[in-house]
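To find a chain, count down the sequence lines: A is the first, B the second, and so on, and within it residues start at 1.
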Number of protein chains: 2
Amino acid sequence: MPEQHPGSRPTLEAVAALAGVSRATASRVVNGGDGVRKPLVDKVRKAVEELQYIPNHAARTLVTRRTGAVAVVIAEPEIRIFSDPFFSQQLRGISKELAAHDTQLVLLIVEGPADFDRIARYLSGGHVDGALAFSLHTDDPLPAITRRAGVPTVYGGRPSWTAGPGEEAVQYVDADNRGGARAAVQYLRSLGRERIAYIGGPPDQTSAMDRLDGYRDILPETDPTLVAEGAFTVESGARAMAQLLERRPDLDAVFAASDLMASGALRILRERGITVPEQVALVGFDDMDSVAETTDPPLTTVRQDIEGQGRLMARLLLSGLDRARTGAGRPDSVITPTTLVRRASA
Amino acid sequence: MPEQHPGSRPTLEAVAALAGVSRATASRVVNGGDGVRKPLVDKVRKAVEELQYIPNHAARTLVTRRTGAVAVVIAEPEIRIFSDPFFSQQLRGISKELAAHDTQLVLLIVEGPADFDRIARYLSGGHVDGALAFSLHTDDPLPAITRRAGVPTVYGGRPSWTAGPGEEAVQYVDADNRGGARAAVQYLRSLGRERIAYIGGPPDQTSAMDRLDGYRDILPETDPTLVAEGAFTVESGARAMAQLLERRPDLDAVFAASDLMASGALRILRERGITVPEQVALVGFDDMDSVAETTDPPLTTVRQDIEGQGRLMARLLLSGLDRARTGAGRPDSVITPTTLVRRASA
DNA sequence: CACAGGGCTGAGAGCGCTTCCAACCAATTG
DNA sequence: CAATTGGTTGGAAGCGCTCTCAGCCCTGTG
């Protein structure tokens, strides 16, 4: 490997010279080689190899107006999502898909409300071809920013707001929360359970709302005392379970809107000497690796493919970008299927 | 805000024209305005404002050879670090510092051993000015890659390898693991404890080795039966504690090399009816938010400023980059101080 | 055998920006 | 008062690449 003098990487010009062709032809070869005769292609390829040529990205971007990079925006309030396995898996999927398309991942962490300016500037600066963001609250300034900056954006999780009149519909990827919840409740009913309680998530998150809707689809006339609200955490699940038991000691099944909450509920049930699944059947949601399989008993739960969702977000964005160049329409949002995984808790 | 035709952002030329100056002068103003008279500066600033001018990054990079971006490289085996609050805090610090210097964070996740190629290509491609990586194993290909690519790199955590002859010393940021461990053990001794056990981390991580060294600094002649090995996880801490109790039921103190392991140890101690801190005093390491304060009793532990370390990594890299331009020498590695936080467990 | 047509190739015009250098101006100095 | 100096400004040359367009050659056709 030839030592390169720092700061003097070979240019396309050099490759062309070595291969004995024009810069134009060298460029064609580097970009796929269409319309160039085989012997020339080979010569250029050899020159590229010999010189260890790597295209200058800035120069290319300058003329093509494509950066080959995508921003992943994470807003401050959700910074905790970093320690959230959910998010890291999603990011993982995104990373894989982007890598497969030779696209870079620029991580934009919004550092406080005043920082949206920086993000806006960055997004408007043409540094990236598109953006990926996660489901936000209604008053989040991000959608407006990306729209104004003209940066195609795909959201993870169904946004809680809808596009205004004349605006393009928001693109997002989400699990079939409602369908998954329906399946869980239906399953509990098929087991002969009659007083099925629900431990939900915070009502400002669409995933929580959708799961609740699914529960209600099956049990439209449920007594509200069978429904408790948690916050997707172990602790909140435990609290909700305690509350439910107090209100309805007769319940014979619980559907918790997350595995974490289910594990909290499980702890309470065990403490009270209530057997699972005999006395109370329990179903969770997420099929989170580190939780669902390790509880005692292991959780029956609704699985969603989180990494796949991340992958899909990236794919949706990238295909949208391609399409924009070819003039075709935008792909729709995607709802990924959920499946019920039967283990011992129900 | 003027609607901009998509894909036709104003150029510096336009700003110059509107301000009635040359492109050169407009450029000077945009880049700080040194050596330009006040009235002209104002005129240009106004034009920038009016046109909503944002410099084209690619064009700028093309001539300055600076990208204003830094890569954060995460190798596959450590992907779990994503769910590791340790890592996410460090990343947080990095992000803050970079944002403050208007530098972008490009996340490079190595997807398997075969993927190092892609990383190498990217790093060599001049896409970033520098890189940040995390402490690696001896045979990690990354250091060779960054060196060959000529990309300045700062590591998080003391690397386990040392620079070869003639190579520049590796720059890294690490906590004073050894000093922190010394302080912890010394404190236990000052409490009158005489049989102080140690639960260590995996011996292939320098942080684990350094902490062990610190323990040995104070207790050079310790009976090896007082030393057990864990893996920085709750479970491994529990196992190590059980092992220790079996070997040395007479121990009266435990220093665990992480809070997670300490909490595992705590569980075992409680199960065996051993009181903490009365019968056995316990000290952890890290002062991890979600752990040290919530155990029962809360952990006495060695605190390290993790977010600060991330910040420092970024700062070190950036100042190195600046220095490279001004021709000054490289800054040294940095060891951040640790402090003993006294709570109830010792 | 002249001509049209198609496939390759190379010349050259930028993409938007920074920066060297020369030109200019006013103020200072001999 | 002429010459020098120092501070500003503008002209213009690229940075490395893509891509249009004209030109070339070779084949097929009238």
Asker: From CG of Leu62(B) over to C1' of dT18(D), roughly how many Å is that when rounded to an integer?
Answerer: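 Atom CG in Leu62(B) sits about 13 Å away from atom C1' in dT18(D).
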Asker: Could you state the atom-to-atom distance from CG of Asn56(B) to C1' of dG16(D) in whole Å?
Answerer: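 Asn56(B) atom CG is separated from dG16(D) atom C1' by 14 Å.
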Asker: Hey, which sits more toward the 5' end of DNA chain D by its nearest nucleotide, Ala59(B) or Arg60(A)?
Answerer: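 The residue closer to the strand's 5' end, by nearest nucleotide, is Ala59(B).
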Asker: With DNA chain C as reference, determine whether Ser27(B) or Val63(A) sits nearer its 5' end, using the nearest nucleotide of each.
Answerer: Val63(A)
Asker: Between Tyr155(A) and Phe134(A), does a ring pair (Phe, Tyr, Trp, His ring centres under 6.0 Å) hold up when you go through it step by step?
Answerer: CA-CA 5 Å; Tyr155(A) 291 89; Phe134(A) 295 91; 9.1 Å; no
Asker: Ignoring backbone atoms, test whether Arg66(B) places a side-chain nitrogen or oxygen under 4.0 Å from the OP1 or OP2 oxygen of dT18(C).
Answerer: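 The answer is no; no side-chain N or O of Arg66(B) sits under 4.0 Å from OP1 or OP2.
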Asker: About how many Å separate CD1 of Ile109(A) and CG of Asp115(A), when rounded to the nearest 0.5 Å?
Answerer: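 Reported value, rounded in 0.5 Å steps: 10.0 Å.
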Asker: Return the value, rounded to whole Å, for the distance between atom CZ of Arg65(B) and atom C1' of dG16(D).
Answerer: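 It works out to 8 Å between those atoms.
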Asker: For residues Ala58(A) and Thr61(B), report the shortest heavy-atom separation together with the two atoms involved.
Answerer: CB-CG2, 3.6 Å
Asker: How long is the line joining CG of Asp34(A) and C1' of dG7(C), in whole Å?
Answerer: 13 Å
Asker: Work out how much the helix from dC1(C)-dG30(D) to dG30(C)-dC1(D) bends between its end axes, five pairs an end, to the nearest 10 degrees.
Answerer: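 That helix has its two terminal axes inclined by roughly 60°.
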Asker: Let me confirm one number: the CG-CG distance from Leu107(B) to Leu91(B), rounded to the nearest 0.5 Å.
Answerer: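 Rounded to the nearest 0.5 Å, the CG-CG separation comes to 7.0 Å.
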Asker: Taking only heavy atoms on the protein side, list every residue of residues 12-25 of chain A lying under 4.0 Å from any atom of DNA chain C, sorted numerically.
Answerer: Val21(A), Ser22(A), Arg23(A), Ala24(A), Thr25(A)
Asker: Restricting to non-hydrogen atoms, name the atom on Val173(A) and the atom on Gln309(A) that form the minimum distance, rounded to 0.1 Å.
Answerer: CG1-O, 3.8 Å
Asker: Using a cut-off of strictly less than 4.0 Å, decide whether Asn31(B) has a side-chain nitrogen or oxygen near OP1 or OP2 of dT18(C).
Answerer: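 It does, given that an N or O in the side chain of Asn31(B) lies less than 4.0 Å from OP1 or OP2 of dT18(C).
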Asker: State which of dC15(C), dT9(D), dG14(D) makes the closest approach to the side chain of Arg37(B).
Answerer: dT9(D)
Asker: So does Lys46(B) pair up with Glu50(B), basic N to acidic O under 4.0 Å?
Answerer: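 No, no charged N to carboxylate O under 4.0 Å.
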Asker: So, Ser95(B) and Glu111(A): side-chain donor and acceptor under 3.5 Å apart, yes or no?
Answerer: yes
Asker: May I have the distance from Leu51(B) (atom CG) to dG16(C) (atom P), rounded to whole angstrom?
Answerer: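 Distance, rounded to whole Å: 14 Å.
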Asker: Just by modelled atom types, is the Arg158(A) backbone N or O under 3.5 Å from a matching donor or acceptor in the Asp174(A) side chain?
Answerer: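 Judged by distance alone, yes, a pair lies under 3.5 Å.
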Asker: If you look at every strand shown and take non-hydrogen atoms under 4.0 Å, does Val36(A) touch a base, only sugar-phosphate, or nothing?
Answerer: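 Sugar-phosphate contact only.
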Asker: Could you check whether Asp117(B) pairs with Arg121(B) (Lys NZ or Arg NE/NH1/NH2 to Asp/Glu carboxylate O, under 4.0 Å)?
Answerer: no
Asker: Taking N and O atoms by type only, does the side chain of Arg28(B) place a donor or acceptor under 3.5 Å from a partner on the base of dG10(D)?
Answerer: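 Result: at least one qualifying N/O pair found.
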